[in-house]
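As the structure is a computational prediction, the values presented were derived from the model and not from experiment. A, B, ... follow the sequence lines: proteins, then strands. Residue 1 opens every chain.
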2 protein chains.
Amino acid sequence: MVVTLKDIAKKTGKSVTTVSRALNGYDDVSAETKALVLRVAKELGYSPNTWAQRLQKQHTETIGLIIPTFGPRFSDPFFSELLAGIGNRAAHLGYDLLVSTRAPGEEELIAYRAAIQGRRVDGFVLVRTRRQDARVTCLQEADFPFVAFGRAEEKIDFPFVDEDGTYGMKLVTKYLASLGHQRIACIAPPPNLMFAHYRLQGFKEGLMEAGIPADDSLILIGDLTQRGGYEQANKLLDLPSPPTAIAACNDLMALGAMSAAQDRNLMVGKDISITGFDNIPMAEYSHPSLTTLHQPLYQIGGMVCEMLIQLIQGEPLEEKNILLKPELIVRQSSGLSSTQS
Amino acid sequence: MVVTLKDIAKKTGKSVTTVSRALNGYDDVSAETKALVLRVAKELGYSPNTWAQRLQKQHTETIGLIIPTFGPRFSDPFFSELLAGIGNRAAHLGYDLLVSTRAPGEEELIAYRAAIQGRRVDGFVLVRTRRQDARVTCLQEADFPFVAFGRAEEKIDFPFVDEDGTYGMKLVTKYLASLGHQRIACIAPPPNLMFAHYRLQGFKEGLMEAGIPADDSLILIGDLTQRGGYEQANKLLDLPSPPTAIAACNDLMALGAMSAAQDRNLMVGKDISITGFDNIPMAEYSHPSLTTLHQPLYQIGGMVCEMLIQLIQGEPLEEKNILLKPELIVRQSSGLSSTQS
DNA sequence: ATTCTATTCCAAAACGTTTTGGAAGTCAAG
DNA sequence: CTTGACTTCCAAAACGTTTTGGAATAGAAT
């Protein structure tokens, strides 16, 4: 049923060794033998048993990705875009991608450890880094190759790609201020996530540079989903003195916030300005279209994947740490403050 | 560095066989030996080498999914939702998920064949079945376990889960007709996809049952993306006698169509009705929110995955073919026809 | 005739696990 | 003292590949 090297050896009258070497293009096999072997292999529809190969070669040509699912699902376009980038680049470089989902916590670490010790993958892509990220220490202790999308808190040294969230949020906050907004709210991500820290900091710096006093009642934390954005926006709009602009720290929450505003018959882009972060495909097609910061997730996935594979293959990285500047995309969801009128 | 059975054997003074059997819970090893082995294994942080195990056991505890990427990427929420369902259920049942992306065609088949012959996965989940689907014949010839999301054209027999697209589209078409719409357009998927066939058929049957004559100029084919929906809707709205309702065959195209209408200052839900299919998370939060057919993609992913694993493990399937009825979700993007007024 | 080099091949070991088919020991029954 | 049953263990084979370390042959150089 399944064709092995032995079958080819028997059919060609050569040894298993020779067949193997012929197929792998060694030059200590004569041209005619090689041709014969190749022909027979094709005839029988041979392709090598992956497990035997990997057992022998001690590497797997597979990279791992364990998606940290907060809550029951991950229909987050953030992940799917990133996943596409990683997966396509991996396929292109001849690597497989092994995907799992684990909620952050003990289970998650067990999955990492099992994959490492069981040599199931050659390296990991780490996404959405956290403060005191146990995954990082786990991988570093095992001296296992990995590249992260996101930085770590302490000055821990590891290869990563990240977007400059501080820069981005500062940009958009100052932009909102330049439109005349004085009461600018922020819907921030859960603070244990590293990017939350950077984005929130950018928001605060932006306010400061615009000369707007900080007001902690205008900073709420959302769970990164549309529903979360909706709920937090409602709280903001219920304030005695509600904000005229909301800078959400991701697009999904921004879209939720837009729904909340529209439910109150506010014209988003006129009565209130709302901005996001990520520039997911949805952002362009929402109504009004969403002002946001563009983060090339698909490309980032590709970069991270490529760096990891270089690392695995022992090639030196040109750049170990890459920080990308997000680009402000102004669309219709933001406009001049109407409080003056 | 890496701990093997041999290391444990050496440390405990037992044989590799005994260690293996102790760890695997055979009862021909004494309680104290077992305890000793378990303790040492834990001490050394042993976990088995996956490749060796799989080579020996001849099965991989991994299921494969090759996403047919049309175009450069697959940020389609359809896939990410489905993927989440498959991945989570697989993890729950102790299986890994191996993901690849391949454009339909020769490359794709090669990937399937290599995975089969290389025994890389125990079975496949097939998504988005096509007419004369080469993947199906490939898998059937190899007698390889698979479960599809989607049916096949001919009366080819294989296990699948599918949504009843005909029923769904008939439902929504008749619903639109009941609102007074007489000129109802359809943006259909590429006809080589099986679900395109069923959904289009449902649309036609719906028109017929509502007593509305068919008009082929009102049926256009879109590429399932927002951009595609936008373009096709523009063509429809440019017609001398444009439709008052557009039934798009998926949500993404419906959202694109909404954009097209809104660009012309049409009030979606009043001046024109637009409906989708899938009920992706975005549909609830678009403006206006999208009337659509709910298809529980996450659950479907789980079902397909579970059926596949049953198949792999040689358990009989209670139901080999499952056809789910989509549910009509009426939201704000559809309303009474305004042509009477 | 001998040595050297090049070419072509292959037996055996190795990767780390599980399974097969006993072997050795103990104990109780006959 | 045998026999049989039971418990506990293990050597060796197997999974399918790659790599190691030659062996065999032929031709060329000495």
Undergrad: Heavy atoms within less than 4.0 Å of DNA chain C: which residues of residues 29-50 of chain A have one? Give them sorted by number.
TA: A:V29, A:S30, A:T33

Undergrad: Which is true for A:N24 with a 4.0 Å heavy-atom rule: it touches a base, it touches only sugar-phosphate, or it touches nothing?
TA: sugar-phosphate

Undergrad: Hey, does B:S20 reach any base, or is it just sugar-phosphate, or nothing, if we go heavy atoms under 4.0 Å?
TA: base

Undergrad: Could you give the start and end, 5' to 3', of the contact zone on DNA chain D for chain A, using atoms under 4.0 Å from its heavy atoms?
TA: D:dG16 to D:dT20

Undergrad: For A:E108, which residues count as a salt bridge (charged side-chain N to carboxylate O under 4.0 Å, His left out) partner, sequence neighbours excluded?
TA: A:R130, A:R135

Undergrad: Classify A:R54 by what it touches in the nucleic acid, base, sugar-phosphate, or nothing, heavy-atom distance under 4.0 Å.
TA: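 If one applies the 4.0 Å heavy-atom cut-off, A:R54 turns out to touch nothing in the nucleic acid.
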
Undergrad: Classify B:T4 by what it touches in the nucleic acid, base, sugar-phosphate, or nothing, heavy-atom distance under 4.0 Å.
TA: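 Sugar-phosphate contact only.
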
Undergrad: Using the salt bridge (charged side-chain N to carboxylate O under 4.0 Å, His left out) criterion, which residues pair with A:D27? Sequence neighbours excluded.
TA: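 Salt bridge (charged side-chain N to carboxylate O under 4.0 Å, His left out) check on A:D27 returns nothing, list empty.
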
Undergrad: If you draw a 6.0 Å radius around NZ in B:K320, do more than 12 non-hydrogen atoms from other residues or ligands fall strictly inside?
TA: yes

Undergrad: Examine B:Y112 together with B:F124 and report whether their ring centres are nearer than 6.0 Å.
TA: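 Ring centres of B:F124 and B:Y112 closer than 6.0 Å.
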
Undergrad: Are B:R113 and B:E106 within salt-bridge range, i.e. N to O under 4.0 Å?
TA: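 Yes.
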
Undergrad: With a 3.5 Å cut-off and sequence neighbours excluded, list the donor-acceptor pairs that the side chains of residues 140-147 of chain B form with protein atoms.
TA:
residue : atom : partner : partner atom : Å
B:Q140  : NE2  : B:D157  : O            : 3.0

Undergrad: Sequence neighbours left out, what passes side-chain contact (heavy atoms from CB on, under 4.5 Å) with B:Q313? Give chain and number order.
TA: B:Y95, B:I309, B:E315

Undergrad: Using a strict cut-off of less than 4.0 Å between a Lys/Arg side-chain nitrogen and an Asp/Glu carboxylate oxygen, indicate whether B:D96 and B:R54 qualify as a salt bridge.
TA: yes

